[in-house]
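A short worksheet on the structure shown next.
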Amino acid sequence: MRVFITGGTGYLGRALLRLGPTEAVGASYFRQPPGEPKVAWMWMDICDAKGVAQALERFSPDVVIHTAYGKDSPEDLEAIIAQGTAHVARACRALGARLIHLSTDQVFDGEAPPYAESAPPHPITPYGQAKLRAEEQVQEILPSATIVRTSLIWGLSPLDPTSRMVLEMADGQRKGGLFCDEYRSFIYVEDLARALWELVERPLAGVLHIGGPQALSRLEFGQRIAAFHGRDPRALPVQRRADFPEPRPGNCALDSSRAAALLRTRLRGVEEVLRQQGR
Ligand SMILES: NC(=O)c1ccc[n+]([C@@H]2O[C@H](COP(=O)([O-])OP(=O)(O)OC[C@H]3O[C@@H](n4cnc5c(N)ncnc54)[C@H](OP(=O)(O)O)[C@@H]3O)[C@@H](O)[C@H]2O)c1
């Protein structure tokens, strides 16, 4: 089985490469240099339809795990997330490859959690809207694809960007605050990566939710991470969604019971992982 990972230099992409097989794996990089030497690295700009098709044709994958994305600007949202995903889906269709596409809990408005796969999406942020357009493109171009909606991805080694931000705030090196009224199904990066490798072996058409079982606010998450890393959780600055100028979904907790029943990989909550990794 030949597997290609778009976004091999990203946080999830690196975990996939760490935890997956060491043979017949390819991955793309964009701005960062490629990593792991055993991987067949290819430079790829997801916005370039021809380049995407050529790179995938060269590697000739059986399965593509599409994690690459960017959301720095409104142009990125359309070109990278919506159109870029369509380029990947078309290239997969042309090659007869299966596609596992990474999507987000932000396709929901946060008003009626927990969200099962059957819940109607209603994104309220430009990012969520672009990710929903990407899902729609995938479903139209390649109905056999698996669309994995996940939640905030965290990990211990290396630290994820949210945990890094928490520690900087705890150390007084960063301003801002952690939302006490924004809830997510934080997913441990290794659980997510292992679940995705299982899906490589197990074709599944349609949407699958893969989130952690413990929904926490960003503040509650931050307090646990700060304490784990020996910081004072009470030092963390707090903010509310109402303090933020743009709308943000309040509670995008995912109902991942289908994935839990389907997969061998156990999806663990933040506290369970921290207890197991505890010092
Ligand atoms: N992180 C989360 O908490 C979270 C939550 C829900 C869903 N997701 C979804 O999970 C997926 C992976 O997230 P992540 O946190 O691992 O992302 P990430 O760390 O930000 O990595 C993004 C990846 O995309 C690549 N990339 C950016 N622009 C590109 C372009 N124009 N052409 C080709 N590649 C490009 C980057 O390459 P370079 O670094 O080499 O430039 C990098 O490898 C995304 O689809 C995201 O929507 C993430």
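In each ligand, atom 1 is the first atom listed, and ligand 1 is the first ligand listed.
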Please set out all donor-acceptor pairs under 3.5 angstrom arising from side-chain atoms of residues 46-60, sequence neighbours excluded.
| from | atom 1 | to | atom 2 | distance (Å) |
| --- | --- | --- | --- | --- |
| D48 | OD1 | K50 | N | 3.2 |
| D48 | OD1 | G51 | N | 3.1 |
| D48 | OD2 | G51 | N | 3.3 |

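At a 4.0 Å heavy-atom cut-off, the residues surrounding ligand 1 are G7, T9, G10, Y11, L12, Y29, F30, R31, Q32, M44, D45, I46, T67, A68, Y69, I80, L102, S103, T104, Y127, K131, T150, S151, L152, I153, listed by chain and number.
In this structure, CH2 on W41 lies 7.5 Å from OG on S28, to the nearest 0.5 angstrom.
Looking at every heavy atom in both residues, L254 comes nearest to F108 through CD2-CE1, 4.0 Å.
Under the 4.5 angstrom side-chain criterion for Ile, Leu, Val, Met, Phe, Trp and Tyr, the cluster partners of L77 are Y69, I81, Y127.
Sequence neighbours left out, not one pair with a member in residues 73-93 passes ring-ring contact (aromatic ring centres under 6.0 Å, His included).
The residues E182 and R241 are annotated as not salt-bridged, no charged nitrogen and carboxylate oxygen being separated by less than 4.0 angstrom.
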